[in-house]
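Following: one structure in structure tokens, then a few remarks.
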Amino acid sequence: MLRLLNRVAQYAMEAGMTGPRVVIIGAGIVGASLADELSARGWDQITVVDQGALPSPGGSTSHAPGLVFQTNGSKTMTQLARYTVEKLMDLDLDGEPCFLQVGGLEVATTVERQAELQRRHGWAVSWGLDARLLSPSECVQLHPLLDPDLVRGGLHVPTDGLAKAVRAVEAQLRRAQSRGVRLLERHEVVDVRTDPAPDGRPGQVVRAVVTDQGELECDLVVCCAGFWGPKVAGMVGMDLPLTPLAHQLAWTGPVPALAGQEQEAIRPILRHQDADLYYRDRFDQIGIGYYGHDPMPVSPFEIAPVSAGDGSMPSVLPFTEADFAPAWEESQRLLPALGDAKTAEGINGLFSFTTDNFPLLGPSFDVEGFWVAEAVWVTHSAGVGRAMAEWIVDGHCSSFDLHECDVNRFEAHQLAPDYVLARDCQNFVEVYDILHPLQPMEEPRPLRTSPFHRREEELGAVFLEASGWERPHWYEANAALVAGRTVPVPDPWAARYWSPIVAAEAQVTRERVAMYDMTALKRLEVSGPGATALLQEVFTGNVDKSIGSVTYGLFLDVDGGIRSDVTIARLGRDHYQVGANGALDVDWLTRHQPADGTVQIRDITAGTCCIGLWGPRARDLLAPLTRDDLSFKYFRAQQFSIGNVPVTALRLSYVGELGWELYTTSDLGLKLWDTLWAAGQEHGVIAAGRGAFNSLRLEKGYRSFGTDMTYEHDAWEAGVGFAVRLQKEAFIGREATVARQETVRRKLSCLLLDRVPGASTDSIALGKEPVFAQGTCVGYVTSAAYGYTVGRSIAYAWLPAELSVPGQQLEVGYFDRRFPATVAPEPLFDPEMVRLRS
Ligand SMILES: Cc1cc2nc3c(=O)[nH]c(=O)nc-3n(C[C@H](O)[C@H](O)[C@H](O)COP(=O)(O)OP(=O)(O)OC[C@H]3O[C@@H](n4cnc5c(N)ncnc54)[C@H](O)[C@@H]3O)c2cc1C
């Protein structure tokens with residue numbers, strides 16, 4: 001994609017233009033933000049088309065009440081919202097503001113919600129938002145309509161407020177227009193014309209957008225069509241996993257208690273998540289939004305366009321009063337002043353939900369020049385506009401880490417229409433629910449099962465879910481192993497999806513030997529005469545070594561940001577196995593694949609399986625099962641047979657013990673399990689789950705991409721500089737990485753939570769908690785677990801470099817408490833690597 005953009009930009013410059021010819025489909029808040037941001041970067045051949053009449057063409061933006069609550073469990077989503085607030089605060093339309101900064105207030109009416117607001121407060125603080133927990137009386141002071149007897153407390157973010165979405169559309173479009181952007185209203189896009197990609201490249205390339213009024217030739221299309229997105233993306237054969245769902249929004253008539261209110265909004269926007277409700281002022285009326293009704297999905301292919309220009313709004317469905325009845329009753333309870341008013345108007349308004357609640361951003365995998373910016377709330381719209389503009393113009397986004405939002409992040413099953421519908425409806429139901437970080441989806445399950453599934457069920461596996469895979473978290477069959485061990489019990493929140501068996505499984509791994517089902521790890525086969533060159537280009541390590549070598553390294557972006565960490569085994573001269581993190585690794589490799597057919601990239605995850613056999617007795621268990629010599633060293637690969645099962649064995653271990661990752665094809669997986677299990681009985685083998693794995697991994701300090709380190713971090717900061725081979729002449733991100741070596745200002749650091757005398761446990765953090773130095777938030781936790789070997793609660797955290805010094809005293813915020821913590825040297829376990837190399 002980068003190559004295409006450079007080519008397109010070059011042609012444009014040769015023609016005396018700046019930037020390629022871009023068509024943005026959709027002039028809602030997302031299309032308008034993007035037009036503004038792209039034109040601000042000097043691109044001057046941009047056309048925005050919309051089927052409706054501007055500035056309110058009839059999509060979701062046209063009737064969004066515009067509440068902007070910035071707090072989110074995702075750092076990226078919070079940052080996108082923060083930028084949106086900052087930008088809209090600076091924007092006006094003929095002197096009228098585009099943002100009313102009235103603040104945001106979330107109230108709790110239950111004990112559970114009160115705790116949840118404390119947790120959300122932690123996120124806000126971690127991500128740098130000014131936020132405060134309020135007492136009931138402080139809540140009522142801010143929002144005097146609240147019933148003081150009902151409210152137990154609140155979370156206040158003073159910079160939240162109301163986006164005037166239609167005004168912001170008009171202001172941004174006007175500004176874009178003043179820079180030469182062309183606006184075409186009442187133009188319905190009916191097709192996107194593509195041609196086979198030239199120069200032997202696979203796939204298609206965008207040529208033109210076809211409207212009901214003629215063709216617009218272009219080099220780049222960005223689909224900002226809101227919930228019509230699947231229909232527009234479908235024009236180039238792209239599946240967009242989103243569902244339009246109706247959501248109820250009602251407005252009261254005049255509320256006597258608000259009579260005479262001259263400003264549109266003076267009270268903070270309000271959320272009452274215990275009852276799926278939110279509220280905003282509109283002079284003497286109140287707007288009420290409701291998510292408590294049954295999901296009302298609509299097919300994006302059946303919603304009419306709005307090209308008739310007759311003012312019809314297909315995005316508004318008739319208000320179903322019966323569904324709203326509980327909302328109205330509860331609203332009168334929370335805001336008793338509403339008792340004197342009535343609901344005057346209402347809509348069932350459509351907007352997009354996705355399977356994981358994140359937007360869908362980025363370029364199509366198959367069609368060069370086709371991009372999407374979909375499923376974006378008003379809350380995140382300006383941030384997304386900026387992110388997309390950077391990505392499109394520069395080839396990467398430098399302001400935000402977009403790995404959660406990338407449209408190419410999905411596994412194949414996650415694009416199946418039934419899956420998309422089920423997940424999107426469930427996410428509507430859960431929109432304000434209190435969700436534990438480990439809580440797996442309940443439906444549709446099971447989806448992907450490894451060949452060991454039957455045996456795991458027999459051992460009483462407690463399954464969580466990872467990329468659709470059923471993954472054991474612990475095994476009830478190991479319950480007897482807990483006896484005689486001292487296991488600290490976490491507090492009730494941290495103890496969800498936890499069992500003392502986790503501790504026993506972790507300890508037995510260090511004492512004897514354990515089998516871990518590692519099938520859910522993404523595996524790719526990269527082969528062909530160009531394979532070595534491709535991997536040398538995208539990978540920080542050197543793969544051009546002897547057959548059987550295994551190398552840990554990184555995929556970096558051009559700015560040195562970490563895109564993934566992978567382990568590459570050279571299995572033949574032109575044959576590599578890549579242990580990766582997810583679908584985005586396939587995307588990244590494929591985008592750099594040469595067009596000459598010399599490299600094949602195959603996702604082999606589904607057809608293969610893996611057992612991690614780890615522990616001091618692993619060799620004793622394995623040796624009798626093979627005729628091969630098992631003395632091959634740490635970070636080497638070998639192919640041999642275990643009994644009747646041919647395997648690829650990688651001498652690696654994420655738990656820090658002697659052992660191998662043993663790969664075979666799925667058909668032989670059960671046989672492999674049974675063979676190891678039978679032979680392991682005399683060595684006390686157990687099956688162990690992900691709970692134990694996480695604990696052991698943190699004792700060894702192994703980073704997890706996506707949690708501990710992401711696109712925003714470089715190798716030096718993340719503590720994986722050892723994986724960057726600067727002796728290699730060239731690889732993507734090398735120059736930036738060299739430069740960033742001099743500017744390390746933050747570091748991923750290992751904290752040990754101190755024991756608090758009298759406290760029931762020090763086993764608490766789960767991730768995303770704020771870290772404080774002398775009362776000021778200085779960072780946040782990424783991964784955390786109890787270390788059952790070191791006997792301490794471990795939390796990895798991002799800290800300013802000057803505080804990342806062993807012995808530094810800090811505090812970790814956990815709900816309404818602060819736990820003392822100390823920076824520790826890492827790794828905590830076996831720093832000499834004696835056990836791994838044994
Ligand atoms: C009732 C309701 C309440 C909401 N409340 C909030 C809230 O409080 N806070 C918040 O952040 N978000 C809220 N949202 C969500 C938010 O409104 C949307 O997520 C956001 O407006 C989507 O913006 P968009 O630009 O992607 O899509 P849209 O505004 O839908 O714009 C898409 C545009 O694409 C055009 N288009 C589509 N297909 C074609 C075609 N084939 N040819 C030409 N043009 C086409 C459409 O005409 C439309 O103008 C709410 C939504 C609703 C419905």
Side-chain angles (χ1 to χ4, degrees), residues 23-35 48-70 77 80-81 84-85 104 160-163 165-166 168-169 172 184-192 209-213 216 221-235 242 244-251 269 271 278-280 287-291 300 303-307 309 313-317 319 346-354 359-361 372-385 431:
V23 174
I24 297 174
I25 303 174
I29 191 74
V30 177
S33 304
L34 179 59
V48 180
V49 276
D50 202 294
Q51 60 198 358
L54 300 178
S56 185
S60 305
T61 308
S62 302
H63 32 258
L67 288 80
V68 175
F69 288 94
Q70 298 164 85
M77 295 306 279
L80 291 170
T84 303
V85 169
D160 285 349
L162 282 168
V166 174
V169 166
Q172 293 183 93
L184 296 177
E185 56 184 344
R186 297 194 175 93
H187 280 59
E188 187 195 348
V189 173
V190 292
D191 202 1
V192 175
V209 163
V210 185
T211 78
D212 56 355
Q213 313 203 27
L216 304 165
V221 174
V222 192
C223 172
C224 304
F227 55 75
W228 284 278
K231 199 169 151 188
V232 174
M235 294 171 189
L242 71 77
L245 280 126
H247 148 67
Q248 290 200 298
L249 174 67
W251 296 93
I269 55 171
R271 265 181 180 165
Y278 66 78
Y279 305 89
R280 57 155 290 182
I288 307 173
Y290 186 44
Y291 290 103
I303 305 166
V306 282
S307 53
M313 292 250 179
S315 52
V316 174
L317 305 180
F319 187 56
I347 59 167
N348 289 3
L350 293 173
F351 72 102
S352 309
F353 278 76
T354 57
L360 308 172
L361 309 181
V372 301
E374 289 286 341
V376 178
W377 285 31
V378 171
T379 301
H380 310 107
S381 55
V384 165
V431 71

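Note that ligands are numbered from 1 as they come in the structure, with each ligand's atoms numbered from 1 the same way.
- Residue Leu67 holds the heavy atom nearest to atom 9 (N) of ligand 1 of all those in Ile303, Leu67, Thr61, Thr211.
- Of the N or O atoms in His63, none lie within a sub-3.5 Å distance of an N or O in ligand 1.
- When the options Gly349, Ala32, Pro65 are ranked by their closest heavy atom to atom 3 (C) of ligand 1, first place goes to Pro65.
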Please tabulate, for side-chain N and O atoms in residues 373-384, each donor-acceptor pair with protein atoms closer than 3.5 Å (sequence neighbours left out).
from, atom 1, to, atom 2, distance (Å)
Glu374, OE1, Gly226, N, 3.3
Glu374, OE2, Ala225, N, 2.9
Thr379, OG1, Leu67, O, 3.2
Ser381, OG, Val378, O, 2.7

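- Set against the non-hydrogen atoms of Cys224, the atoms of ligand 1 under 4.0 Å away are 32 (C), 33 (C), 34 (O).
- Residue contacts with ligand 1: Phe69 is excluded, as none of its non-hydrogen atoms falls under 4.0 Å.
- The aromatic rings of Tyr278 and Tyr291 sit tilted relative to each other, their planes meeting at an angle between 30° and 60°.
- When heavy-atom distances to ligand 1 are checked against a 4.0 Å cut-off, Lys231 has no atom that comes that close, whether in backbone or side chain.
- Close contacts between ligand 1 and Gly26 involve ligand atoms 33 (C), 34 (O), 35 (C) [criterion: under 4.0 Å to a heavy atom].
- Taking every heavy atom of Glu188 and a limit of under 4.0 angstrom, the matching atoms of ligand 1 come to 42 (N).
- Of all the heavy atoms of Val376, the ones lying under 4.0 Å from any atom of ligand 1 belong exclusively to the backbone.
- Side-chain contact check for Gln51 versus Thr211: every heavy-atom pair is 4.5 Å or farther apart.
- Checked by distance only, ligand 1 and Trp228 stay at 3.5 Å or farther apart across all their nitrogen or oxygen atoms.
- Considering only residues two or more places apart in sequence or on other chains, His63 meets the ring-ring contact (aromatic ring centres under 6.0 Å, His included) condition with none of them.
- Of all heavy-atom pairs between Ala246 and Asn348, the closest is CB-CB, 4.0 Å.
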